[in-house]
Amino acid sequence: VQLQASGGGLVQPGGSLRLSCAASMSFRRIHAMGWFRQAPGNQRELVTNVTSAGVANYADSVKGRFTISRDNVRNTVFLQMNSLRPEDTAVYYCTADHLWGRSWGQGTLVTVSS
């Protein structure tokens, strides 16, 4: 599965960004889609994921601020990020869990700074 992520950039604290990730495989063959992030010097961490049944999970640090959604027609998952904080600065990676394992996108940089 190839994943193409986009939407990163520079935003001020309190601002919003929307990330997108388009999959080359139909969502009918993907168990779950998710977003991980990795800040400089930190380990990669799960931000959120959504199952094929539409059940979403969020890291405590982003609950109430981030929302994951999926477009099953365009095989695209979105991450709406609101009330961004400097500690949200990281490279964000899209993932897809399928029969053959987990695929990773190329990463998109989100920088939250004034």
Side-chain angles (χ1 to χ4, degrees):
V1 180
Q2 292 186 339
L3 302 172
Q4 183 65 45
S6 61
L10 173 63
V11 63
Q12 292 187 342
S16 298
L17 277 177
R18 188 191 195 208
L19 305 183
S20 301
C21 177
S24 62
M25 176 184 288
S26 169
F27 273 8
R28 290 177 293 179
R29 304 175 69 180
I30 295 176
H31 308 315
M33 296 286 293
W35 292 93
F36 285 72
R37 67 185 180 186
Q38 186 168 20
N42 290 359
Q43 291 186 332
R44 194 171 294 187
E45 62 175 356
L46 175 66
V47 177
T48 178
N49 61 16
V50 60
T51 69
S52 57
V55 177
N57 301 287
Y58 297 93
D60 288 342
S61 59
V62 306
K63 282 181 181 176
R65 300 188 298 122
F66 290 12
T67 303
I68 189 169
S69 61
R70 49 194 289 166
D71 183 331
N72 292 330
V73 175
R74 292 191 289 168
N75 299 326
T76 301
V77 65
F78 303 97
L79 180 61
Q80 179 66 43
M81 305 184 294
N82 299 326
S83 302
L84 283 162
R85 305 168 181 169
E87 54 264 37
D88 294 317
T89 295
V91 177
Y92 285 70
Y93 297 90
C94 173
T95 62
D97 294 342
H98 45 78
L99 181 62
W100 301 277
R102 172 170 288 168
S103 297
W104 292 81
Q106 84 281 11
T108 184
L109 177 62
V110 172
T111 303
V112 184
S113 175
S114 54

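These numbers were taken from a predicted model, which means no experiment stands behind them. Just the heavy atoms: all of them, side chains too, but no hydrogens, waters or symmetry mates, feed the values below.
Considering CZ of F66 and CG of N82, their distance stands at 8.5 Å, rounded to 0.5 Å. Taken to the nearest 0.5 Å, the CZ atom of R28 stands 8.5 Å off from the CG atom of N75. Distance check: N49 CG to Y58 OH gives 9.5 Å after rounding to the nearest 0.5 Å. To the nearest 0.5 Å, the span separating OG1 on T48 from NZ on K63 amounts to 10.0 Å. Separation of atoms CH2 (W100) and CG (D97) is listed at 13.0 Å; rounding is to 0.5 Å.
Here the closest non-hydrogen pair linking M33 and C94 is CE-SG, 3.8 Å. Counting all heavy atoms, side chain and backbone alike, D71 lies closest to R74 at OD2-NE, 2.9 Å.
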*Stepwise side-chain contact (heavy atoms from CB on, under 4.5 Å) test for C21 and W35*: CA-CA 9 Å; C21 177; W35 292 93; 3.6 Å; yes
_Audit row: R29, H98, side-chain contact (heavy atoms from CB on, under 4.5 Å) steps and yes/no_ = CA-CA 6 Å; R29 304 175 69 180; H98 45 78; 5.9 Å; no
_Stepwise side-chain contact (heavy atoms from CB on, under 4.5 Å) test for S16 and Q80_ = CA-CA 7 Å; S16 298; Q80 179 66 43; 3.9 Å; yes
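Look at D88 and R85 and you find no salt bridge, because none of the NZ, NE, NH1 or NH2 atoms lies under 4.0 Å from a carboxylate O.
Side chain of R37 to backbone of V110: no donor-acceptor contact under 3.5 angstrom is found. Of the possible polar contacts, one joining the Q106 side chain to the A5 backbone as a donor-acceptor pair under 3.5 Å is found. No donor-acceptor pair closer than 3.5 Å links the side chain of S83 to the backbone N or O of R65. Remark: the backbone N or O of L10 is not paired with any side-chain donor or acceptor of T111 at under 3.5 angstrom. Proximity of a side-chain donor or acceptor of S61 to a complementary backbone N or O of A59 within less than 3.5 Å is not detected.
Between W104 and F36, the distance separating the two ring centers is shorter than 6.0 angstrom.
The side-chain tip of R18 points at the ring of F78 from less than 6.0 angstrom away and within 45° of straight on.
Put simply, the residue from L19, I68, I30 that forms a side chain to side chain contact (heavy atoms under 4.5 Å, CB included) with V77 is I68. None of L17, V11, T67 except one satisfies the side chain to side chain contact (heavy atoms under 4.5 Å, CB included) rule with M81; the exception is L17.
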